[in-house]
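Here the structure is laid out as structure tokens; the discussion comes afterwards.
By convention in this document, chain letters (A, B, ...) are assigned in the order of the sequence lines, proteins followed by strands, and residues within each chain are numbered from 1. Every value quoted in this text rests on a predicted model; they were computed, and no experiment measured them.
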Number of protein chains: 2
Amino acid sequence: MTEQQRRPTLMDVAQAAGVSRALVSIVMRGAPGAAEPTRQKVLQAAQELGYRPDSRARLLRSSRTRLLGLSFSSSQPFHAEIVDAAYAEAETRGYEIALSAVASGRPETRAIESLLDFGSEALIMISPSLSTHDLARYASQVPVVSLLRDDVGEAVDSVSSDDHAGISIAVDHLVGLGHRHIVHVDGGTAVSAEQRTAAFRSEMQRHGLEAVVVAGGLNEEDGLRAARSLMGNLPSAVLAFNDRSALGVIESFRAEGLQVPADVSVLGYDDSQLARLSYVQLSSVSQDAPLLAAAAVNRAADRVEGAQAAAHVVRTPHLVVRKTTSTPRIS
Amino acid sequence: MTEQQRRPTLMDVAQAAGVSRALVSIVMRGAPGAAEPTRQKVLQAAQELGYRPDSRARLLRSSRTRLLGLSFSSSQPFHAEIVDAAYAEAETRGYEIALSAVASGRPETRAIESLLDFGSEALIMISPSLSTHDLARYASQVPVVSLLRDDVGEAVDSVSSDDHAGISIAVDHLVGLGHRHIVHVDGGTAVSAEQRTAAFRSEMQRHGLEAVVVAGGLNEEDGLRAARSLMGNLPSAVLAFNDRSALGVIESFRAEGLQVPADVSVLGYDDSQLARLSYVQLSSVSQDAPLLAAAAVNRAADRVEGAQAAAHVVRTPHLVVRKTTSTPRIS
DNA sequence: TTGTCGGACTAGAACGATCTAGAAGGCCTA
DNA sequence: TAGGCCTTCTAGATCGTTCTAGTCCGACAA
């Protein structure tokens with residue numbers, strides 16, 4: 001109905017308060033240079049008109065946008081947890097977050113360009129799948145922080161968790177429980193899948209054990225399929241690429257009448273909400289997403305505010321033992 | 001390193017191509033009024049400079065932003081499916097989507113103001129929890145489309161699925177299979193939980209059956225808890241508020257050694273990815289998210305392009321029968 | 001009394017696009 | 001040959017801010 005309500009501008013407020021636009025601008029920004037009584041008068045006029053600064057105009061004029069672009073994958077619930085944490089941290093640092101999802105039919109480049117169009121001063125990308133070269137190209141325009149992936153070249157910041165350490169902790173845990181026949185269901189084509197597989201191989205070797213790796217992926221179906229392929233020669237423990245895959249593995253075993261962890265131990269990766277569900281209680285390697293997200297936001301903000309060289313922050317993950325891992329059944 | 005790379009502007013392209021800014025603008029917009037050879041020349045110059053229009057400036061000048069704001073909840077995987085579909089539909093209509101998440105510590109109002117600041121021409125809100133009054137207030141500034149909630153007042157468009165019809169289909173299905181003792185695990189404080197509960201009561205009454213409703217919620221834990229409370233007096237079928245809750249219900253039963261659907265049938269709502277997982281195979285009422293999302297995007301675009309009165313699109317959901325519902329065990 | 005200083009305020013130019021109005025040139029018609 | 005009408009192009013205003021470079025004025029020191 002009352003559709004055509006033009007939004008009030010600085011000009012309107014200035015007129016209402018009987019001062020110049022510039023002064024209103026000063027007051028709205030909380031910048032110094034306005035006497036207290038005038039400040040109050042302007043503030044009140046703005047309040048009454050329901051004035052909200054037009055960020056487009058503001059951003060156009062001042063190069064500062066205080067906007068951080070965050071790309072995530074809509075199909076990864078784990079990413080949602082990161083988004084949450086990023087919002088919180090950005091708020092405390094006085095930044096806004098622009099979100100852009102990578103979805104089917106919407107490649108990462110599109111997501112990024114959209115973020116850039118909004119005027120993001122820096123980009124935070126969760127598990128970017130772009131090539132080092134492409135990343136560097138974007139990094140030449142604006143600081144880029146890669147989250148959960150560290151082989152991104154020198155031009156790009158990264159905040160990641162130490163994949164090798166994570167796998168090492170996981171293998172140590174399983175071996176410590178007495179497992180000897182451990183299978184890794186890998187992440188397929190996923191980012192950092194290769195690193196984890198390599199880490200698994202080297203860690204198993206360190207323990208003098210044979211490293212068996214089967215093809216997996218990112219979701220439940222992948223885990224399910226992988227576990228099914230294991231039925232002929234059941235291992236005593238499975239280390240999955242992530243929690244979703246682990247869940248698939250567990251379900252596959254359940255379907256065959258196997259008990260987890262009595263018959264087979266299963267260990268996830270991510271310590272996502274999923275793992276914490278009371279009926280799942282998945283033991284998992286935690287990368288501590290909120291902490292990583294906060295670190296990424298801070299890193300991005302630092303770069304925006306002048307920090308020069310790209311840094312590579314690496315955090316060591318830790319193990320969260322719940323109820324899907326235990327000593328192997330005596331064979 | 002090469003940080004300070006100023007983004008090329010219309011001016012730069014104009015100079016490179018030896019034409020005026022206005023003409024470049026015309027070409028970039030694909031507007032009529034440029035000769036083909038010139039067009040090619042400009043396009044090539046833009047290409048070479050890596051020119052991308054600055055949306056802030058563009059949006060500032062032309063009231064048209066071709067931007068649709070979409071608010072969603074980061075904790076609802078189901079919303080992610082909608083986001084995907086919305087992106088796709090927006091693309092075909094030539095609109096961009098600005099995303100803003102509602103998360104813990106980030107109320108809906110904040111998400112909306114952020115979308116408005118980006119210059120959204122219309123707002124699409126998934127299951128908005130704001131009051132009709134607040135929604136109307138936003139609707140006076142810009143068209144608002146409520147997705148999956150229809151009691152939003154006259155000022156706001158809505159695209160929703162018919163809750164009563166959905167529950168009716170669900171109850172008919174269960175009763176048709178022979179179930180008499182059916183329990184509804186409700187949605188707690190969730191949007192449209194009340195409507196569905198009311199629909200359940202009236203549908204059960206229509207069949208001359210007693211309507212038992214227990215407190216539930218939106219996630220697995222809620223379903224789990226609800227199902228546990230049922231153990232003393234087991235129904236023959238459970239209708240959950242959504243798929244996540246249904247999953248919790250199933251797990252709770254499983255934990256007690258009950259077979260689904262042999263001992264108890266369980267019916268979900270949403271037909272989310274979750275329901276489709278091969279180890280879940282949840283029977284569910286489908287609201288057809290992609291279709292609803294597309295309808296919402298189109299409705300928003302229509303309003304932006306001039307459609308006057310707010311419309312309330314209601315789609316009838318349909319049933320997807322998988323493997324968690326069957327005839328009750330003979331008692 | 002006068003010059004200087006600093007605080008409060010303002011005019012006008014940016015920012016990078018779009019839009020309006022009109023100019024230049026070619027072609028057709030009378 | 002002149003007038004009219006396209007088509008193609010351009011100059012300059014404009015969107016709503018911020019920023020730069022002032023102006024104005026009263027207070028204070030010499």
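Candidate nucleotides dT10(C), dG16(C), dT14(D) were compared by shortest atom distance to the side chain of Ala57(B), and dG16(C) ranks first. Nearest to the side chain of Arg61(B), among dC15(D), dA11(C), dT18(D), sits dC15(D). Side-chain proximity of Leu10(A) to dT18(C), dT18(D), dC15(C): nearest is dT18(D). Listed nucleotides dG16(C), dG12(C), dG12(D) differ in distance to Leu60(A); the shortest reach to its side chain belongs to dG16(C).
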Are Gln40(B) and Glu36(B) close enough, and set up right, to give a side-chain hydrogen bond (donor to acceptor under 3.5 Å, both in side chains), and what steps lead you there?
CA-CA 6 Å; Gln40(B) 289 308 327; Glu36(B) 195 47 37; 2.8 Å; yes
Steps toward side-chain hydrogen bond (donor to acceptor under 3.5 Å, both in side chains) verdict (Asp150(A), Ser158(A))
CA-CA 5 Å; Asp150(A) 63 355; Ser158(A) 73; 6.0 Å; no
Could you go step by step and tell me if Ser100(A) and Arg106(A) meet the side-chain hydrogen bond (donor to acceptor under 3.5 Å, both in side chains) rule?
CA-CA 10 Å; Ser100(A) 193; Arg106(A) 191 165 196 270; 2.9 Å; yes
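To the nearest angstrom, P of dT18(C) lies 13 Å from CZ of Arg66(B). Distance, Met11(A) CE to dG12(C) P: 12 Å, rounded to whole Å. Spacing between atom CZ of Arg21(A) and atom C1' of dT20(D) amounts to 13 Å, rounded to whole angstrom units. With rounding to whole Å, Arg58(A) atom CZ is found 14 Å from dC19(D) atom C1'. As a whole-Å value, the separation of Leu59(B) CG from dC15(C) P is 19 Å.
Between Asp157(A) and Arg303(A), at least one side-chain N (NZ, or NE/NH1/NH2) sits under 4.0 Å from a carboxylate O, which counts as a salt bridge. Using a 4.0 Å cut-off between charged nitrogen and carboxylate oxygen, Glu96(B) and Arg110(A) do not count as a salt-bridge pair.
Among the candidates Leu115(A), Leu130(A), Leu70(A), the single residue satisfying the side chain to side chain contact (heavy atoms under 4.5 Å, CB included) test with Met125(A) is Leu130(A).
Taking the side chain to side chain donor-acceptor pair (under 3.5 Å) definition, one finds that Glu89(B) meets it with Asn298(B), sequence neighbours left out.
The overall bend of the helix from dT1(C)-dA30(D) to dA30(C)-dT1(D), read as the angle between its terminal helix axes built from five base pairs each, is 60° when rounded to 10 degrees.
Checked by atom type, the side-chain pair Arg21(A)/Ser25(A) shows no donor-acceptor distance below 3.5 Å.
Taking every heavy atom of residues 24-56 of chain A and every atom of DNA chain C, pairs under 4.0 Å involve Ala34(A), Ala35(A), Thr38(A), by number.
Dashed line: the shortest gap from a side-chain N or O of Ser20(B) to OP1 or OP2 of dT10(D) is under 4.0 Å.
Other residues, nucleotides and ligands contribute only 12 or fewer heavy atoms inside 6.0 Å of the CD atom of Glu154(B).
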